[in-house]
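These notes are about the structure you will find just below.
Please read these numbers as outputs of a predicted model, since none were measured by experiment. We're numbering straight along the sequence, starting at 1.
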Amino acid sequence: MARAAAQKNIQDSTGYDFIEIIGAREHNLKNVTLSFPRNKLVVITGISGSGKSSLAFDTIYAEGQRRYMESFSAYARSFLGNLERPDVDKINGLSPVISIEQKTTSRNPRSTVGTVTEIYDFMRLLFARAGEAYSYLSGEKMIRQSEDQILDTILQKFKANKLILLAPVVKGRKGHYRELFQQIRKQGFTKVRVDGEVLDITAKMQVDRYKIHDIEIVIDRIVADEKDRVRIGQSINRSLKEGKGVMMVLDENQKVHHFSKFLMDPVSGLSYDEPAPNTFSFNSPYGACPVCNGLGQVEEITEESVIPDKKLSISRGGILPLGEYRDIWIFKKVEAILKRYKLTLSTPIKDIPKDVLQVLLYGDDVPVAVASVKYPGTEWNTRFEGIVNFLQKQRDEGSEAIRRWVEDFTVVKTCAECNGTRLKKESLHFKIADKNIAELAELDIDHLNKWFTGLEKRLNEKQQIIATEVLKEIRKRIGFLLDVGLDYLHLNRPLRTLSGGEAQRIRLATQIGTQLVGVLYILDEPSIGLHARDNVKLIKALKDLRDLGNSVIVVEHDKDMMLESDYIIDIGPGAGRHGGQVVAQGDPSSFLKSKSTTAQYLQGKLAIPYNAERRNGIGESLRLTGASGNNLKMVDLEIPLGAFTCITGVSGSGKSTLIHDTLYPILNQYFFNSRREPLAYKKIEGLEQIDKVIEVDQSPIGRTPRSNPATYTGVFTDIRDLFAQLPEAKIRGYKPGRFSFNVKGGRCETCEGAGLRLIEMEFLPDVYVHCETCKGKRYNRETLEVRFKGKSISDVLDMTVEEAVTFFENQPKILRKIKTLHDVGLGYISLGQHATTLSGGEAQRVKLATELSKRDTGKTFYILDEPTTGLHFQDIAHLLDVLQKLVDKGNTVLVIEHNLDIIKAADYIVDLGPEGGDQGGRVVAKGTPEAVSKNPASFTGKFLKSELN
């Protein structure tokens, strides 16, 4: 009843029961006209590149955003620029639109699951108001001091010392504070301390309004003497009054001591500032660890990264940044230092004493004499700063190229000061029920939920009164995360380490929390990275969003999602120019009666073929023993070489930890001397059976519109060389650089070859618009006059991969690279498509194509992370074909996957679990798909059984 009433109200407010789209022609859409019901769960499906995103995001969402912008005043719009109207005749019944895409995740290391869901923000408030402080020196509970106690402490601790009594009035805030200085002056005070400097108050005094300031009033200058007790007592009284219960004492050494009517350690005299929410924020200078600035990690140049092989001598390149011996100044200095200790450049580094190595790496104050080449008989005496110190100086002050070079010797380590908790030690000593905020942030959502359940019984009466409302908000948000199947994440997990699907489901949980009504939500494949078991939770969350009275459009390929939806729209029939039409639409029961490809796959009339005969590989295997990083419980992993292996398991069971964070870094270090350290493991065997490793993940191929498939795969270099060989180009003296849009010469200088200009939207996401000079062509007129088969370089970039295969059929070098893009199902994307518009799955397949275009050795180890992202049933068949061909050549393919069509086609499965988080991290089942399907302990096996049958 409630849902029906809510929906009726919304229908009344818009006057429409349907969303009606008339004449949509964006990208490859062919004058599409359709209508679908409002306030329902609608799935838009179709093969990759058929136009699903063009309809959902580039038409419906773009028009919704444009109408929102139109509602601003003309004055506000003048700052924002104009948003282009999507190519559509009319859209009726459109509500305010919110899009939840995969591509909008933050790369900022400070964004975590806790900050995005606001759970951590409420926890900060809870700890600031209800936390109990303990001293980090004595472990004693902090107490508040009276004025008499403060007076006694000052007279005893600073006996006969000159002191300045200060009252803090501004702490860590921006502003010019002109009125504040006037007010202080009127009260009779003549001096203030601004950002650590004592100043006289002058007429019209003010500070920089855009910088953060600390301001204290200088209340009195005293000598701590018992005979002045009355006067000092009065000054302390005034200090505490002006500082609202807090005061500071500046001693002769300019050291500041805090005193407070609020919190202080009775044993050591240590006092804390009154806690505020930003005391527990790692993004604020008042809460962040001072060493790592709230990142939890520090970058260090270590002895191991500078000297990887101690068996080498310095002259043979034993010190990596120096390289092999050359007749240059630094080698002469090193030689002079070694001579002092009766050593030479040819001495193996392992034979150089530790103290001498310390001097070489960190320098000393003893001058080093080096003979002058220019003035024979003269010696230069200079201090040697040390190789590590020199590299650190270059990292801080050097050019961009030098900094990139220094990065090769930099290792990321957990901050020793805060042990990765990101907070300063004062913040870590506020506790509720014996836990500090960092300990709670390390619990997974499931355990966090259990900790907050019944918390009131562990709080005292005062804490209960304060915490009631905050706990309600925290529990509500934790509940939403549990509803979308993210119970295995912890609040400290950086957002950039999440898969596209996980980040999207976090934003979905946040949206459910806002409880908005009458909104049109558009989601882009929220089921990515979700095990079949957890899909039920996601579908329920989307239905809850619908039941609040919202319309939900989901671009999705998932079978369960389609069958559970209220309405399905199938776009097709092909990709690119062969798509862009509505092939079938209707509620699931009527949709299944249609003859569309999707409907036939759903009915089981079409199926993805697989070979029931499983390969045994080449008889050798790669064995990883005792992997124990994150939640792994001493896992032993055996991967048959020359076979197709699938790593499966529920979300959070440890698949990424095992493969991305343990196995891949081990292989990468072995083959390419990578600096990235793998997580803990005991040993690995069988490396000699493979000769290189290639990881293909979902990270973007570029973060700006300058990156595109043509530049990433390297085919654009060959295309530019081809254009430079044309007679017209030779007559004009054009070299390949003329056809690059990244350097001056041939590019359009207005947009500097991007074809787009960035419009900063202040409080909205930034928008790219076509350059008004070149109309998006990237090049100037002269460059575009050079043509190959009647096409300019810009026309070639605008071609789809499918068109380019035909166009370059007589250019074998170019064709080989473009053909692999076509083979992985990317025939519909254009060669110059901006990297920012590619989905995670498309970016991954561009990388896969790049690797496939290289000549494989038959002993290559491929690692793929959910390659089916964004793929229709038909595209999965193409992808499987490509992967199976790789394995047939003797290569090993390892895939992390939830898609049952890929899993059932594997030769070997390793299933992790049984649950996510702490309940996972074990191998539950392993063997062929048939063997795993018979294992009762495996969730994957249960779903696989029905697929195989």
Side-chain angles (χ1 to χ4, degrees), residues 14 16 18-36 38 42-46 48-72 76-77 80-104 519-525 551-555 569-572 575-577 579-583 585 705 751 754-761 764-772 775-777 798 800 828-830 832-834 836-839 842 870:
T14 59
Y16 289 96
F18 290 85
I19 293 173
E20 193 177 8
I21 299 160
I22 300 164
R25 292 174 294 276
E26 196 66 36
H27 299 321
N28 67 334
L29 295 178
K30 298 198 173 76
N31 207 22
V32 168
T33 298
L34 82 153
S35 66
F36 52 89
R38 289 172 51 81
V42 178
V43 169
I44 300 179
T45 189
S48 303
S50 58
K52 305 182 298 296
S53 295
S54 300
L55 177 64
F57 292 101
D58 301 330
T59 305
I60 300 173
Y61 174 63
E63 176 64 7
Q65 196 181 29
R66 190 191 67 80
R67 289 186 190 180
Y68 169 61
M69 302 282 290
E70 289 287 313
S71 68
F72 290 175
R77 289 206 304 276
L80 299 169
N82 287 323
L83 271 184
E84 274 185 44
R85 185 190 175 96
D87 193 357
V88 60
D89 294 338
K90 194 177 182 186
I91 300 182
N92 293 327
L94 194 61
S95 312
V97 184
I98 292 175
S99 108
I100 304 178
E101 295 180 71
Q102 301 166 39
K103 298 190 286 284
T104 49
V519 174
L520 172 60
Y521 287 100
I522 305 180
L523 291 94
D524 188 8
E525 287 200 79
S551 305
V552 182
I553 296 178
V554 184
V555 176
I569 300 167
D570 191 10
I571 308 285
R577 62 182 178 180
Q581 298 169 40
V582 176
V583 181
Q585 67 183 93
C751 59
L756 298 172
R757 285 197 316 109
L758 177 72
I759 299 217
E760 292 184 0
M761 303 286 278
L764 285 169
D766 294 341
V767 170
Y768 287 101
V769 295
H770 280 299
C771 166
E772 60 276 7
K775 304 287 185 287
K777 290 189 180 295
D798 288 339
T800 64
Y828 60 91
I829 66 170
S830 62
Q833 185 167 335
H834 303 298
T836 49
T837 65
L838 294 174
S839 70
E842 285 169 338

Looking at OG1 of T45 and CD1 of I569, how far apart are the two atoms once the value is rounded to the nearest 0.5 Å?
->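 So the gap between those two atoms works out to 10.5 Å.
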Any side-chain heavy-atom pair from [X] and [Y] closer than 4.5 angstrom?
| X | Y | answer |
| --- | --- | --- |
| D524 | F57 | yes |
| I100 | I522 | no |
| N28 | S54 | yes |
| L55 | I21 | yes |

Less than 4.0 Å between a side-chain N and a carboxylate O, is that true for [Y] and [X]?
| X | Y | answer |
| --- | --- | --- |
| E20 | K90 | no |
| E63 | R66 | yes |
| D798 | K777 | no |

Do we see a donor-acceptor contact under 3.5 Å between the side chains of R25 and N31? yes
* Asked: Does a donor on one side chain and an acceptor on the other come within less than 3.5 Å for S95 and R38?
  ->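 Their side chains do contain a donor-acceptor pair, which is all the 3.5 Å distance test asks for.
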query = Within a reach of under 6.0 Å around CZ of R757, are more than 12 heavy atoms found that belong to other residues, nucleotides or ligands?
reply =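 Open.
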| request: Apply side-chain contact (heavy atoms from CB on, under 4.5 Å) to the pair V552 and L523, showing each step before the final yes or no. | output: CA-CA 8 Å; V552 182; L523 291 94; 3.8 Å; yes
